[in-house]
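Here's the structure, in structure tokens; my notes come after.
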Amino acid sequence: MPHARNRNPSPIPEVTWDTGLKEMNETWKGAIACLGVAVFFVMTIGIIYWQVVDQPNKNWILRGTFSGLIWERRTHSLVIQTLMEDRTYVEIDVGNVGNPDVEVPFVRNLCWLNKTEFCYTWDSVAEVMISLEVSEDAETECYSMAWTPVNCHVELKDCFSMANVSWYGGANVQGQTWPINDQNITMQPYVVSNLKDAPSGYGSPLERYFLGSSGVTVLVSPDIPVQLGLDCRQQFCLKSLPSMERLPLQYTVCVARNVKAAHLEAVQQLSELSRELPNMKTLWLPFWKFLTNVDTGPKVEKELRTFSNRLRRHQLGEGVISLNEHSTTLLSEMDHDYLNSRKRGMSKRLTRDLPLVKLLNISITLSPFLGVDTTQFHTSLTDGTEDFWLSLPSAAQGKLIPVLTQWRGKFCVKLNLTNPAAVSWFLDRVESLQAHLGMEYVVLEGGEGNLFEEQALRTPMALSGDKYIELLADMATSIGDSTIMTAGTRSSHMPLFIKMAPLQSDWSPTGLRAIIPSLLHHALVGYNFLIPDAVGGSLSGDLVTDKELFIRWLEIAAFLPVLSFHTPPWVFGEDQVLNLTQIYITKHQTDVVPLLEKYAEEWQLTGNPIYRPLWWLSPSDPMTFTADDQFLIGDEVLVAPIVEKGAVQRDIYLPDGGFQWQDSQSEQVFDGGTFLEDFPVPLEEVAVFLRRS
């Protein structure tokens, strides 16, 4: 047997290394594991610290040439600032998207490698896409916002802060203010309503356009239903409607160097259609409301003769006598044989007994409503023309059933303006009235409101929102350029007049105080050719008894496009009121109308308003942002009337634009930027300043 050699002759005992190595490996593994846990713990603490403490409160989302969009993580707001962060244009609170109690630390752009678009999905609630567009001259930068809910139960809501920004535009409301910061209106569908029936709603004109004094505009998508609410001096909010169709919330925010520059750019986006002038000779004629309670056509004719003779006797000149819908109906139903017999039997001596309506300049009032007790309506049900009226198909037979509503206290149906045959029938009716009555002016009222939505019925797509008013405006242009509408939206470019909502006969914010804010609102959103409410107010329907109110109202009205009267000046029984009425009618015709004609041409070419706020001449002056009792006609006349009862002096601010202003009464000249304290304005006068270069 071979001898086994000793492999360890050393006296040191042999160590079993395998066992020790295993023991050491286990020890090191534990240590490494502990170290890993510690490192992970430290990293977690670091991340939490970075997110909560060390991370900036805002992240830049998009950058333009002079502005940028920022995400404010703690306030859940989108903020547009200058790149130098020395000026904020607008702050948009989007806190209702997702959970407002949870901070969103960082918003990551999912539109990879795209510097002009931003995409993000918000807590699986809504998707947002923001696009940046820079104008060629780099004067304006626009951010198009599109929020889309991921399910049909989501209601999107974005709120625009009023902090340090005066906002203008939107819709006319009862007690109109300038700016709109002092308005307080609950969230509701953003559509035109009749303010007499719904005083807490939105009136006419209504546009989806808002302008901020910081040089920002908000243009809301025109074809998507939306709700709007205003929180006094806090914010105004846009809100989507919940729908199975997952309706988006879309709007565009544009910024410019100042409020005027922002508006000039927005005007081009508001209407790309060419602007047309209405019948400009209308501006020369005062409108006189015809008040009568008679119940037959011949009696209306007799009262018209009496009223016309009285106007001539008081030397109030040529004008337009305005008939309401009731008087219009009575005249239109006068027996033609009666008229013809009078014509056949008249002598030269009785020539003046001809039906006076054909010899007078009158305006008639029509509406798209037809009483269900009329022969015309019953005929339509039997001759197969029931589709002339807004209808719904019956469930059983599919036959159209006209939708009933109320107008002037009677049950009626409403003209279906989506039916060309129905529109032709209405236009034929107007043409017949023109031949019968010889009138030139037609007032179309009753376009406000949505018949289907008011009765919780399914609305046809062609009539959603305010589309009925748009269709009514289209029909109005077919009648002629002397047509007057009581409601307007997306029709400022058309050759039509729009009637201002009636006001209270008092000195309150819903009376005299509302005239100038309402005037500036109409002009800003494009409706320069308005028929203002009657001197003294007409909402109550009563005659004005406050002589001072009538005179101060008259002084303002003389500088508006048209002079309109509800209360005849002779009811006061004083020569003072009658003489002042004659004086201001003449002043309107000789001084104001030529000026309006001049700036009407500028409006047609550029879209610049005829009536302008003070910031138009000094767009960076905060003093001009809230001036609600002065206005400009073009760039050359400043009007500062009295709007407080008993006042015979007032404070006046003359905007600075590198020029001077001359008092039209004393001819005294003042520098721009001057604040005139307690400037005297006697009862029979109005403060007017003329620009001097």
Side-chain angles (χ1 to χ4, degrees), residues 56-62 64 66-98 100-101 103-104 107 118 122 126 128 130 132 141-147 155-171 173 177-188 190 208-220 226-240 249-259 262-263 266 524 615 619-620 622 624-626:
N57 288 331
K58 56 188 179 183
N59 304 111
W60 288 91
I61 290 177
L62 293 173
F66 65 86
S67 72
L69 182 65
I70 296 171
W71 167 246
E72 286 277 2
R73 68 188 185 97
R74 290 185 177 175
T75 59
H76 276 219
S77 299
L78 292 171
V79 181
I80 301 179
Q81 291 183 331
T82 58
L83 295 180
M84 300 295 293
E85 301 184 41
D86 57 350
R87 176 181 173 188
T88 297
Y89 292 102
V90 64
E91 181 176 349
I92 309 169
D93 179 9
V94 298
N96 74 301
V97 178
D101 298 325
E103 284 191 8
V104 179
V107 179
F118 172 82
W122 223 278
V128 62
I130 305 174
L132 170 63
E141 295 181 349
C142 295
Y143 300 82
S144 298
M145 314 275 193
W147 295 88
E155 294 184 4
L156 303 169
K157 181 180 175 183
D158 286 2
C159 296
F160 300 80
S161 174
M162 293 180 177
N164 302 315
V165 181
S166 295
W167 287 96
Y168 318 95
V173 299
T177 62
W178 182 272
I180 65 174
N181 294 44
D182 289 330
Q183 295 175 12
N184 195 27
I185 301 178
T186 57
M187 184 68 67
Q188 59 186 284
Y190 191 49
R208 295 186 169 205
Y209 168 58
F210 299 88
L211 171 67
S213 60
S214 58
V216 59
T217 61
V218 179
L219 291 164
V220 185
V226 70
Q227 300 179 81
L228 179 72
L230 290 95
D231 299 328
C232 181
R233 301 188 182 183
Q234 299 295 321
Q235 59 188 6
F236 72 90
C237 300
L238 300 172
K239 187 177 181 181
S240 65
L249 182 63
Q250 295 181 358
Y251 55 88
T252 299
V253 180
C254 297
V255 295
R257 67 182 182 276
N258 57 47
V259 60
H263 177 69
L524 182 77
W615 52 251
S620 299
T624 65
F625 295 159
T626 56

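- In this structure, OH on Y143 lies 6.0 Å from CG on L69, to the nearest 0.5 angstrom.
- Each of I92, L156, V220 was compared with L238 under the side chain to side chain contact (heavy atoms under 4.5 Å, CB included) criterion, and only V220 meets it.
- Nearest heavy-atom pair, Q235 versus C159, reported as atom, atom and distance to 0.1 Å: OE1-CB, 3.3 Å.
- Residues S620 and P622 share a closest heavy-atom pair of O-CD, 3.2 Å.
- What you find for I70 and Q81 is that their closest heavy atoms are CD1-OE1, 3.1 Å.
- A donor-acceptor pair is defined here as one N or O able to donate and one able to accept, closer than 3.5 Å; no such pair exists between the side chain of T252 and the backbone of S144.
- In summary, of the residues considered (K58, E91, E72), a side chain to side chain donor-acceptor pair (under 3.5 Å) with S77 occurs for E91 alone.
- When all heavy atoms are compared, the tightest approach of G68 to W60 is CA-CZ3, 3.5 Å.
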Note to self: Applying side chain to side chain contact (heavy atoms under 4.5 Å, CB included) to V216 and F160, what does each step give before you reach the verdict?
What the structure shows: CA-CA 11 Å; V216 59; F160 300 80; over 6 Å; no
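- Although no hydrogens or angles enter the test, the distance criterion places no donor-acceptor pair under 3.5 Å between the side chain of D93 and the main chain of K157.
- Among residues two or more places apart in sequence or in another chain, the ring-ring contact (aromatic ring centres under 6.0 Å, His included) test is passed with Y168 by W178, W615.
- Separating the CZ atom in F118 from the CD1 atom in I130 is a distance of 6.0 Å, to the nearest 0.5 Å.
- The side-chain heavy atoms of V253 and L78, taken from C-beta on, include no pair separated by under 4.5 Å.
- Two residues are said to be in side-chain contact when any heavy atoms from C-beta on lie closer than 4.5 Å; W167 and L230 fail this criterion.
- More than 12 heavy atoms of other shown residues, nucleotides or ligands fall within 6.0 angstrom of atom CZ in R87.
- Ring pair F210/F236 is parallel by interplanar angle, where below 30° counts as parallel and above 60° as perpendicular.
- Other residues, nucleotides and ligands place more than 12 heavy atoms under 6.0 Å from the CG atom of N184.
- Once rounded to the nearest 0.5 Å, the distance linking CG of L211 with SG of C254 reads 11.0 Å.
- The line from SG of C232 to CD1 of I180 is 11.0 Å long, rounded to the nearest 0.5 Å.
- Of the possible donor and acceptor atoms, none in the side chain of E155 sits under 3.5 Å from a partner among the backbone N and O of K239.
- Between V226 and Y251, the closest side-chain pair of non-hydrogen atoms is not below 4.5 Å.
- Between L524 and G169, the shortest heavy-atom contact is CD2-N, 3.8 Å.
- Under a 3.5 Å cut-off, the side chain of T88 and the backbone N or O of V90 do not form any donor-acceptor pair.
- Under the 3.5 Å distance criterion, the side-chain polar atoms of E141 are matched with a main-chain donor or acceptor of S67.
- In this structure, the separation between CD on Q183 and CE on M162 is 7.5 Å, given to the nearest 0.5 Å.
- In this structure, CZ on R233 lies 8.5 Å from CG on N181, to the nearest 0.5 angstrom.
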